Every structure is written in structure tokens, then in C-alpha cells.
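Since the structure comes first, as C-alpha cells, the remarks are kept for the end.
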There are 2 protein chains.
Amino acid sequence: MPAAKKKAARATSAKSPAIEDYLEQIHNLIATKGYARVVDIAENLSISQASVTNMVQRLAGEGYLLYERYRGIVLTDEGRMVGEAIARRHDVLSRLLSGFGLDPETVHRDVEGMEHHISRQTLEVLTLLMEELEANPALVTRLKQRLR
Amino acid sequence: MPAAKKKAARATSAKSPAIEDYLEQIHNLIATKGYARVVDIAENLSISQASVTNMVQRLAGEGYLLYERYRGIVLTDEGRMVGEAIARRHDVLSRLLSGFGLDPETVHRDVEGMEHHISRQTLEVLTLLMEELEANPALVTRLKQRLR
DNA sequence: TAACAGTGTTAGTCTCGGCTAATTTTCTTT
DNA sequence: AAAGAAAATTAGCCGAGACTAACACTGTTA
């Protein structure tokens, strides 16, 4: 195979919500604890350890991370980019909705679902909205009054 | 099993995105054409007719619609409620994003994905936002300037 | 250093929601 | 009314992504 890529993850490839959830979670764990263990990923995603091992092997095969049995997990540049992108969407959505006083449990559930379906352009719009609302509490107050 | 329900769809039961897509589409077809044929549902969801037949039978079993082989499809109250709810979320999200001039293709893809993950409370917030922006073009203009 | 607890892995299975191919029913057209 | 076209259905299959049970590795601790 002369000029063939091994099957590396392309920036534009279709990522399933499942893949994005794993990468987001692995990214978050590495960012906060310095490493990502199978048991923690499983705990945070509320799935079994066996499922995590399976998926991690697949993600390694697709070029999102480096994996050595019984050893550890390291994100590739590609994997880190995806994880960070989802984390950013998560943050924007959370702050946008939290600003209106929605209960944290609801915010969490909705954000969890929505974050996988937001394009770059939509993210920009929602970021704009979030920033405006955070900079303009009077507007939020006025809007919230209509929530009754 | 003395006091057991037959397995009817409860208002609070978990509906998969797939189920919601079918019910939204069936609802839309009935609203615009007066009836929902398998071939049209398949076309609108970009899936095969066989898949539609299968799912329609399942939805009938779960109480979302009435179905008679080779005849027709009628939504139950439960099915109509779900279909309308999703259509409402679709409308709010579309208008909210379109207001910022995002290209229709992008709006469509994002809305399609997000509409299944929006709680009643979040819908209220987004509705509020949409109404404010539609009533206040000056605000939109000001925000859009920051999009560059 | 031997054993135990905890973590990780493998093997095999399940459900969901698609698919194609073949068949049946209905509709339309002559 | 018979034939061909269109729509609907059935049967069997597949891949994603979960699960459990059993087994393997690792690291700590007596």
C-alpha cells in the first residue's frame, strides 16, 4: 500500500455520539486527574468496564488515542481535538441554560444530549448569546420574569 | 399479574430519537396532506419502506398509533402529543438559529439532532430567547456584528 | 513472597434500528 | 377485467454499542 493512510481518523469523519462521549470523558479525566483509567471512564459514563475496554480498543484503532493493554491511555492530537470540542460545547450550553436558573439536573441531561449535534456555526451563535446574557444581567432578569 | 397495565405508552416513558422522528414525521404528513403513507415517511426520513413498516408496527404495539395492514395509519392521542411536542421543539430551534442567518442546511442538520434532547424547561427558555430576538431586531443586528 | 483486592480484558450474547430481496396487496390504465 | 406499476409487507441479515461471566494482570499488604 504505497500512498495509503492506515485508516487514521480524519478531522471531518463522522463521529458517533458514543465516540464523542468517550473522548470528552477521557479528556476531562486527563485534564483533572492527569490520567484516564478504565474504571473511572466506566463510572463517569455509567457503563460497564468491559464496554469501556472494547471501545477504547476501537478508538485506538481509529487513531483517536494510544493504548497499551493493562497500561494506559493517551489521546492523540486528533482525539484531544474532538474531546476539547465537545467539552467546549458542553460548557457553552451549560452556562447558557444555567443563566436562566434551570435546575442543574435538567441542564445536565439536556446538555448531555444536545452537545453532539452542534455545528461550528451554531456554536458561535450560542456562544454569542451566552456572552450577551452574562454581560447583561438586566436582560436576563427581564426575560426571566416572563417565565411564569 | 393482577393490576398490570397492558404495556401502553406512558406520557413519561422513554422515547428513543428514532421513535420521536417517526411520530414527528407522521404528524407533519397528516397535518399537511391529511394522511401518512409508508412511502412518504420513508422518503422524508431517508430510510427504506421496509424499515418504516417494521417501526410502524412497533409503534402500534406501543400505543402511539392505530395501524391496519395495507390500510392506513392514525395517531393516538399519545402519539399525536409526542409528534406535536417534537414539531414544536423543531420550530423553536429553527427560528432561533435562522434569526442569526445560519445557512438553512446547517440549521436543519443541527435542529434535527438537538430536538430530541430538550426538556420542557429548556424549551421554555429557548422560546423566550427566540421571542425576544424576533421582537428586537436591533439586538440581533448588534450581536451579528460580533460574528466576524 | 504469597495471597488478596482491585482493575483490566476476553468471550459471548442481546437489543435497536437499520438494510436487501422476495412476496403480496392495491392502484391505475388500457 | 386483466396486466403492469406502485406501495406495503415479510423474512432474514447486519453493525453499533451495550451487557454478564469468567479470566488475567497488577500492586499492596501481611
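Excluded from the calculations below are hydrogen atoms, water molecules and symmetry mates; all remaining heavy atoms, backbone and side chain alike, are included. Keep in mind it's a predicted model, so treat the numbers as computed, not measured. In the text below, chain A, chain B and the rest are named by the order of the sequence lines, each starting its count at 1.
For B/H117 and A/H116, the distance between ring centers is not under 6.0 angstrom.
Nucleotides of DNA chain D nearest to A/R69 and A/S46 differ in position, and the one nearer the 5' end is that of A/S46. Each of A/A50 and A/R71 was assigned the nucleotide of DNA chain D with the nearest heavy atom; the assignment lying further toward the 5' end belongs to A/A50. For A/A36 and B/Y22, each mapped to the nucleotide of DNA chain C holding its nearest heavy atom, the one lying further toward the 5' end belongs to A/A36.
A/D103 and A/T106 form a side-chain donor-acceptor contact under 3.5 Å, judged by distance and modelled atom types alone.
Closest approach to the A/N54 side chain among D/dG12, D/dT9, C/dT10 is made by C/dT10 (side chain taken as heavy atoms from C-beta onward). Distances were taken from every side-chain heavy atom of A/V39 (C-beta onward) to each of D/dA7, C/dT7, D/dA18; the shortest belongs to C/dT7. In this structure, of C/dT9, C/dG8, C/dG17, it is C/dG17 that holds the atom nearest to the side chain of B/A18.
Ionic pairing of B/E132 and A/R146 is not present here: no N-O contact between side-chain nitrogen and carboxylate oxygen is shorter than 4.0 angstrom.
B/L147 and B/M130 fall within a single hydrophobic cluster, where Ile, Leu, Val, Met, Phe, Trp and Tyr side chains are chained together by heavy-atom contacts under 4.5 Å.
The phosphate of C/dG8 has neither OP1 nor OP2 within less than 4.0 Å of any side-chain N or O from A/T53.
When rounded to the nearest whole Å, the span between OH of A/Y70 and C1' of C/dT7 equals 9 Å.
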